[in-house]
Amino acid sequence: MTPMDKYDPKTVEGSWYKRWEAAGYFAPQGNGRPFSIAIPPPNVTGTLHMGHAFQHSLVDSIIRRQRMLGDKTHWQMGTDHAGISTQLIVSEQLARENLKPMDIGREAFIDRAWQWKAESEGTISTQLRRMGASLNWQTERFTLDEGLSRAVLEVFIRLYEDGLIYRGKRLVNWDPVLETSISDLEVVSEEENGHLWHFKYPLENNQGQFLVVATTRPETMLGDTAVAVHPDDVRYRHLIGQNILLPLTDRVIPIIGDHYVDQDFGSGCVKITPAHDFNDYEVGQRHQLPVINIMNTNASLNDNTPEPFAGMDRYEARQAIIKAMQELGLLADTEDHKMMVPRGEKSGVPVEPLLSDQWFVKIKPLADPAIKAVESGDIEFIPKQAENIYFAWMRDIRDWCISRQQWWGHRIPAWYDPDGNIYVGASEEAVREAAGLAPDLQLSQDEDVLDTWFSSALWTFSTLGWPDQTEALDTFHSTDIMVTGHDIISFWVSRMIMMSLRFMHEVPFKKVYIHGLVVDSEGQKMSKSKGNGLDPMDIIDGISAEQLVLKRSSNLLQQRVREKIEKSTRKEFPDGISAYGTDALRFTFYAIATRTRSMRFDLKRVEGYRNFCNKLWNAANFVFMNTSDHDLSGPSSDSIADTWIQITFDKAAHTVNQAMETYRFDLAAKAIYEFIWDEFCDWYLELCKATLLSDKSSDEQKTAARVQLLATLEKILRLTHPFMPFITEEIWQKIPAGMRQHETIMLAPYPQAGQQDETANNKVTDDINWLKQVIGAVRNTRGEMDISPARPIPLIFYNGTTEDKRRLNAYTELLSAIARPESVTWLNTGEALPVANVQLIGEMQLLVPLAGLIDKHAELQRLAKELDRLANDIKRSSGKLTNPNFINKAPEDVVFKEKLKLADFEQALKELTLQKNRISDL
RNA sequence: AGGAACGUAGCUCAGUUGGUUAGAGCAUCGCCUCGACAAGGCGAGGGUCGUCGGUUCGAAUCCGACCGUUCCUACCA
């Protein structure tokens, strides 16, 4: 057979995915146990980022392994419509044509959005395919498609009828750029520098007397409806019930007493603006204060404010008010002040609490069972710690504002008549009929759409056909596990649990695996705006430094930031990124998937695993070179190495399966890496060479080695396939057809450890470990003494046991092939010894005579160091053993082991001291 | 302010109920083109496990305090 071409991920990964998909391997099949996972639906118009790539790599390994274990697996594919993001993008597209959404109207806008969806939806699907994700594409869904929209409608109507959805005027987080309400979770607060302005508010009845209030947002004063003091505050409590003349307006507002006020902060007086502050709103409710909304939806001041402020932008108004107050002599003080500024996650501008009509889900009745489901263990979080995030959120949950003032999404199925009566139903006809409305009664549908998460919350069952009772729903719900990040627990996990319990009467998933965040090599969160993100596709395909700089900085608005990013990018990736391939990238993800909350992503790691692919590739090449053109059907006889590699493989398979059962992807990856590289390549292949290249081995032995080489390689490939799907399939297809019973490795059985005969196994592994130790000792001597591996050296075995002698006799051939001795001599205890370098293997000494080979000085130095170490060990060990407390209280086996250890140390010390004396006598 | 997590080799991280000489990869140093592989082989150096105290015969591991880093939640007008 001709050697395989050099490992190149591009050619290896080229066509397999298409073939798998075309063959229908991703669809559920067989009669095994159903096993299902629903993908957290990515944004249909989005692209795959590192977090996605990581997450889906984890899921794919789970799915592929379960499939190979014979389960009927279903990995639900689908995307969501990402209401706000998509609306924003389409609006930006319009802006480039100097158009506003209003200019083209709702219908045309939605058309544009669908158009954009059609254009961009292929991107993330293609990227998922490049990652090798074995998703079931045949049942792909989209949150706005017909079936899922029907589920949304059904849920909305039923919740409304059950009194769990209501409409009300409430204070919500308002994004003045997007002009919509947004969720608490979509607000990010960061500390910023601001000011605290102290205003003097004149008392109504005491001319010339003032209360001083402090504010970070002067513009809201026009909406003040009270000043609050603490009811116990001796400075002010007598003023409670009196009034303030609110400056710049003609309004008179009361002084109220409320425990909300902190007497020690500022002046101890607080202005109360119920329409523009969440806390003030509550104070206002308690005291029945009027709620005066002073802002328009774009955060300019409205007609409830006096001239000249009406119509001004909020920040323009702020300056104007400060100036006006100053001119009135009512500005007492201005000081610098650090404060948290809440900004809209998507728009980046400060959000406003705004009073508006919104739809809400009454959440408590949904949350209570959802909390119980986790408390009772019906749903298990992995790691367990993550439950805290869930409970913290759920136990303090507030009604969920589900209406968004947008066009792209599920329109709220509510209609209003001219009197403002609300009718909820599947369609206008439906509500007319249900309510028996006169045909000529004017009805208008609510303009708003639902929060995207409302539809995502139904994901695990809506994608399977609900509200229809489909076979898929019956088979695959509840799903087995949800894999997601901790940042999404409150957004989504909790809402799925609530909705599934309510409508399916079962949990949406039995387990939730919460993974950490992929961060850059500096520990920073990867983000577009920071320009520190990596595109998984660039790691797979490679990218030049120039293109990478361009890609990272093109989205950045500020020149300064752009330059900074360019500099750091050029520093970190001076030569760009080379093409590492999907398999290496995936393996990196498994290796870093530890239990920590964040994982630094380092390309060096990817490089290491690309090298690992190369190693596997070359090992396969070796196996094929040595097995093709040979008849493997003849009689065979396993050598110790052949038996050993089978045992060792079984152990590795056991470790991998165990790790996967506990979702320790890192341990699974480690076990695979170590078995392939350290055991199969470094030892087994070398031992096979000894057998295959020697005239002394029989045909039976050679056949056994060849069979075992192929069989082990084949098992390795199956064990590794869930993690590195491409390279394993590529190599597996080169295995002689007789050794594989399936058309694809994807459907071949996953290796599991069989029954083990511990005693027999230990005998084998002990022998191989002995051999490894002897070879290690020889290599060590060569290394320490700078003896070329090419130069044969005489080996003398001294003071060995009969077991040592048996092993030496049995494995001289193997030993010789790897250690390359000039001669092998066995000396019995008491026989005369040459002056030599000595290494201890248990009680046995391995000697390499000094003559002409070894530097006396260097050897003495080495011995001194060794003796030093032994002296230390003896001191510690005997210290323990002379401690009566240790002898009495420690378990027997621990004491016994310690005694053995000490004996070994002392024996070694004795031998090496003798040796040292002999050499220094030279 | 409240809650949580983390701190192990130069770097990134393992270390599962306390019990070997605390491990791996990368980086470093030395040797090696020996018929799979230089994207390689062989060998070596490198850690008072953040600090202090406690529990224990025994602590990287359990407890407390402190220092440092990070995240989450809520915010004071």
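Lettering of chains follows the sequences in order, A, B, ..., and the numbering in each one begins at 1.
- For the P atoms, the distance linking B:rA60 with B:rU21 amounts to 12 Å, nearest Å.
- Among the protein residues, A:A392 comes within range of no part of the nucleic acid, since none of its heavy atoms lies under 4.0 Å from any strand.
- A gap of 4 Å separates the C1' atoms of B:rC49 and B:rU8, to the nearest Å.
- Residues satisfying the salt bridge (charged side-chain N to carboxylate O under 4.0 Å, His left out) test with A:D280, not counting sequence neighbours, are none.
- Residue contacts shown for A:D262 include a base, since a base heavy atom lies under 4.0 Å away.
- Residues in residues 876-891 of chain A take part in these side chain to side chain donor-acceptor pair (under 3.5 Å) pairs, two or more places apart or across chains: A:D873-A:R876, A:S877-A:E898.
- With C1' as the reference atom, B:rG41 and B:rC34 are 9 Å apart, rounded to whole Å.
- Protein chain A contacts RNA chain B from B:rA5 to B:rA77, reading 5' to 3' and using non-hydrogen atoms of the protein with a distance under 4.0 Å.
- In this structure, A:K880 reaches neither bases nor backbone, as no heavy-atom distance under 4.0 Å exists between it and the strands shown.
- With ring centers used as reference points, A:F665 lies under 6.0 Å from A:Y513.
- Within 4.0 Å of A:I592, counting heavy atoms only, lies no atom of the nucleic acid at all.
- Judged purely by atom type and a 3.5 angstrom limit, A:T215 uses its side chain to pair as donor or acceptor with the backbone of A:R217.
- As judged by a 4.0 angstrom heavy-atom cut-off over every strand, A:W197 is placed among residues making no nucleic acid contact.
- Of the N and O atoms on the side chains of A:D336 and A:N193, not one donor lies less than 3.5 Å from an acceptor on the other residue.
- Using a 4.0 Å heavy-atom distance criterion, A:R600 is classed as a sugar-phosphate-only contact.
- In terms of position on RNA chain B, the residue among A:K271 and A:L693 whose nearest nucleotide sits closer to the 5' end is A:L693.
- Within the structure, every pair that satisfies the salt bridge (Lys or Arg N to Asp or Glu O under 4.0 Å) test and touches residues 260-275 of chain A, not counting sequence neighbours, is listed here: A:D224-A:K271.
- Within the structure, the salt bridge (Lys or Arg N to Asp or Glu O under 4.0 Å) test picks out the following pairs touching residues 385-394 of chain A (sequence neighbours left out): A:K384-A:E387.
- The aromatic rings of A:F54 and A:F589 stand perpendicular to each other, their planes meeting at an angle above 60°, with 30° marking the opposite boundary.
- Where A:D682 and A:N614 each meet RNA chain B at their nearest nucleotide, the meeting point lying more 5' is that of A:N614.
- Ring geometry, A:F587 versus A:Y590: the interplanar angle exceeds 60°, so the pair is classed perpendicular (tilted spans 30 to 60°).
- If you take atom C1' in B:rA22 and the same atom in B:rA9, they sit 11 Å apart, rounded to whole Å.
- Nucleic acid contact class of A:R876 (heavy atoms, under 4.0 Å, all strands): sugar-phosphate only.
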*Pairing of RNA chain B as dot-bracket, 5' to 3': ( ) intra-strand, [ ] crossing, | other strand, . unpaired, with Watson-Crick or G-U pairs under 3.5 Å?*
(((((((..((((.....[...)))).(((((.......))))).....(((((..]....))))))))))))....
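- With ring centers used as reference points, A:F612 lies under 6.0 Å from A:Y673.
- Taking atom P in both B:rC13 and B:rU20, one finds a spacing of 26 Å when rounded to whole Å.
- A:Y7 comes within 4.0 angstrom of a nucleotide base, judged by non-hydrogen atoms across all strands.
- B:rC66 and B:rG2 have their P atoms separated by 12 Å, with the value rounded to a whole Å.
- B:rA14 and B:rA39: their C1' atoms are spaced 24 Å apart (whole Å).
- Checked by atom type, the side-chain pair A:E335/A:H198 shows a donor-acceptor distance below 3.5 Å.
- Nucleic acid contact for A:N888: none, since no nucleic acid atom lies under 4.0 Å from a heavy atom of the residue.
- The residue A:K689 sits close to a base: some heavy atom pair falls under 4.0 Å.
- Across all strands, A:P891 comes closer than 4.0 Å to base atoms (heavy-atom distances).
- Contacts of A:K615 with the nucleic acid, taken as non-hydrogen atoms under 4.0 Å apart, include base atoms.
- Residue A:N388 is out of contact with every strand shown, counting any heavy-atom pair closer than 4.0 Å.
- Among the heavy atoms of the strands, none lies under 4.0 Å from A:H198.
- On the C1' atoms, B:rG3 is 14 Å away from B:rC75, given to the nearest whole Å.
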